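Notes for the one structure printed next.
This is a predicted model, so every value here is computed, not measured. Proteins come first, then strands; the chains are lettered A, B, ... in the order of their sequence lines, and each starts at number 1.
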2 protein chains.
Amino acid sequence: MSDLLERLRGRGWRMTAQRRVVAEVLDGEHVHLTADEVHTRAVAKLPEISRATVYNTLGELVSLGEVLEVATDKRAKRYDPNAHRPHHHLVCAQCGAIRDVHPDGNPLADLPDSERFGFTVSDVEVTYRGICPTCAVAA
Amino acid sequence: MSDLLERLRGRGWRMTAQRRVVAEVLDGEHVHLTADEVHTRAVAKLPEISRATVYNTLGELVSLGEVLEVATDKRAKRYDPNAHRPHHHLVCAQCGAIRDVHPDGNPLADLPDSERFGFTVSDVEVTYRGICPTCAVAA
DNA sequence: GTCGCACATTAGACACCATCCAAATCAGGG
DNA sequence: CCCTGATTTGGATGGTGTCTAATGTGCGAC
């Protein structure tokens with residue numbers, strides 16, 4: 001993740017303690033936090049960080065293409081730092097757990113011209129839903 | 001759509017003017033209204049209908065499986081009455097226009113066991129993103 | 001090293017979407 | 001036609017995200 005900080009500095013980002021903390025929180029695989037969760041964890045490392053800064057920073061990371069917004073949850077947006085390895089999501093319908101997955105094939109190719117209605121299609125987002133092992137046992 | 005009303009009555013739904021109006025509003029192909037838009041259109045037909053009733057009715061239609069909630073828009077939930085013909089969505093990244101599409105192939109089959117993490121996968125949701133013809137011309 | 005200023009951060013108000021609630025109303029079986 | 005439990009209502013409430021004006025600060029210039 002220090003890669004990320006390097007890359008951002010290279011793009012003229014001013015390096016602040018707040019931004020460093022947000023970047024640290026968004027580290028790892030299968031990380032899909034809401035803005036509020038990011039804020040909570042950031043506060044643990046830097047008590048005076050404000051909600052607005054977390055939102056600002058997340059928004060910047062998204063427009064720089066370093067973090068993805070995912071809408072698997074219908075309540076709040078979630079942020080996925082794994083932006084450089086294209087992937088989709090597998091969500092537990094019960095507990096909301098999210099895993100990154102890498103399906104075979106390219107769903108873009110499955111959309112025939114006749115179904116494109118003249119759109120220039122550039123991207124596709126796939127969400128698989130099911131029940132995770134933990135919830136299956138509990139049921 | 002009167003089919004819908006019949007089916008609901010058969011399931012023991014008490015038929016009220018409000019529910020009839022909501023069902024009428026949610027009629028047609030490529031209809032993807034937000035709850036608020038449904039409310040606005042419902043008020044045009046039945047001025048005294050309240051927001052809470054629209055939300056209640058939409059929620060009931062969703063749990064009965066007659067209407068789908070779609071999260072293509074990151075602001076508000078949208079409601080799709082085309083629940084009985086499985087389909088996916090094509091969204092204009094610029095203006096937000098939504099079309100129903102029917103891709104070839106079955107994306108569920110593209111998820112190998114090794115990528116399922118023990119989940120029982122039952123459903124998949126696909127959102128294509130691009131630029132619609134109207135916005136392409138305007139650009 | 002230090003200065004300056006454009007860029008960042010902050011707290012809190014605000015807007016939007018959705019849900020909850022207690023009281024009033026109504027559909028439809030008997 | 002009446003009764004009862006389902007339904008509707010309006011307003012309060014809560015969660016998520018954005019905005020603003022005032023304050024603070026990273027970092028290039030010197």
Side-chain angles (χ1 to χ4, degrees), chain A residues 5-26 32-64 66-80 96, chain B residues 5-6 8-26 32-43 45-64 66-80 96:
Chain A
L5 292 175
E6 283 306 310
R7 236 176 304 136
L8 294 174
R9 192 192 315 249
R11 297 213 216 177
W13 240 37
R14 192 172 285 187
M15 199 49 51
T16 68
Q18 291 84 346
R19 285 171 171 182
R20 226 185 309 269
V21 165
V22 170
E24 276 171 27
V25 168
L26 285 175
H32 307 89
L33 300 169
T34 64
D36 205 56
E37 287 164 351
V38 173
H39 179 234
T40 301
R41 298 190 184 198
V43 165
K45 301 181 179 225
L46 186 72
E48 67 274 25
I49 194 171
S50 78
R51 245 161 32 91
T53 297
V54 171
Y55 276 100
N56 287 343
T57 306
L58 289 173
E60 285 157 10
L61 288 169
V62 169
S63 27
L64 291 173
E66 296 291 346
V67 165
L68 292 178
E69 250 175 25
V70 298
T72 55
D73 184 330
K74 271 159 189 159
R75 294 180 139 301
K77 292 178 198 168
R78 292 182 172 274
Y79 294 87
D80 184 341
Chain B
L5 293 175
E6 284 307 310
L8 294 175
R9 192 191 316 248
R11 298 211 215 179
W13 242 37
R14 193 173 282 189
M15 199 48 53
T16 69
Q18 291 85 345
R19 285 172 170 181
R20 226 186 309 270
V21 165
V22 170
E24 277 172 27
V25 167
L26 284 175
H32 307 88
L33 300 169
T34 64
D36 205 56
E37 286 164 351
V38 172
H39 178 235
T40 301
R41 298 189 186 199
V43 165
K45 301 181 179 227
L46 185 71
E48 67 273 26
I49 194 171
S50 80
R51 249 195 357 277
T53 298
V54 171
Y55 276 101
N56 287 342
T57 306
L58 289 172
E60 285 156 11
L61 288 169
V62 169
S63 26
L64 291 173
E66 296 291 346
V67 165
L68 292 177
E69 250 175 27
V70 296
T72 56
D73 184 330
K74 271 157 189 159
R75 294 178 138 303
K77 291 178 197 166
R78 293 182 173 273
Y79 293 88
D80 184 341

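Put simply, CD on Glu37(A) is 11 Å from P on dG17(D), counting in whole angstrom units. With rounding to whole Å, Leu33(B) atom CG is found 14 Å from dC17(C) atom P. Between the CD atom of Glu69(A) and the C1' atom of dT18(D) there is a distance of 13 Å, rounded to whole Å. Counting to the nearest Å, the P atom of dT7(D) and the CZ atom of Arg20(B) are 14 Å from each other. Taking atom CG of Asn56(A) as the reference point, atom P of dA11(C) lies 13 Å away to the nearest angstrom. Rounded to whole Å, the distance from NE2 on His39(A) to C1' on dT18(D) is 15 Å. As rounded to whole Å, 17 Å separates atom P of dA8(C) from atom CG of Leu46(A). One atom, CG of Leu61(A), and another, P of dA8(C), lie 12 Å apart when rounded to the nearest Å.
Residues Arg11(A) and Glu60(A) are not paired through a salt bridge, judged by the lack of any N-O separation under 4.0 Å between the basic side chain and the carboxylate.
Side-chain N/O atoms of Tyr55(B) include none lying less than 4.0 angstrom from OP1 or OP2 on dT19(C). For Thr53(B) and dT9(D), the shortest distance from a side-chain N or O to OP1 or OP2 is below 4.0 Å. Distances shorter than 4.0 Å separate some side-chain N or O of Lys77(B) from OP1 or OP2 on dT19(C).
Nearest nucleotide to the side chain of Arg51(A), out of dT19(C), dA13(C), dC27(D): dA13(C). Among the nucleotides dA18(C), dC20(C), dT25(D), the one closest to any side-chain atom of Ala52(B) is dC20(C). Distance from the side chain of Ala35(B) is smallest for dA18(C) among the nucleotides dC27(D), dG10(D), dA18(C). Proximity note for Arg14(A) (side chain, C-beta onward) versus dC17(C), dA6(C), dT9(C): the nearest is dA6(C).
If you find the closest nucleotide of DNA chain C to Asp36(B) and to Val54(A), the one lying nearer the 5' end belongs to Val54(A). Along DNA chain D, the nucleotide nearest to Met15(A) and the one nearest to Gln18(B) differ in position, and the one closer to the 5' end is contacted by Gln18(B).
A donor-acceptor pair is defined here as one N or O able to donate and one able to accept, closer than 3.5 Å; such a pair exists between the side chain of Arg19(B) and the backbone of Arg14(B).
Nearest heavy-atom pair across Val54(B) and Ala35(B) is CG1-O, 3.8 Å. When all heavy atoms are compared, the tightest approach of Ala71(A) to Lys74(B) is CB-CE, 4.2 Å.
Contacts of Arg19(B) with the nucleic acid, taken as non-hydrogen atoms under 4.0 Å apart, involve only primed sugar atoms and P, OP1 or OP2. Among the atoms of the strands shown, only primed sugar atoms or phosphate atoms (P, OP1, OP2) are found under 4.0 Å from some heavy atom of Thr16(A).
The one candidate from Val21(B), Val67(B), Thr57(B) that meets the side-chain contact (heavy atoms from CB on, under 4.5 Å) condition with Leu26(B) is Val67(B).
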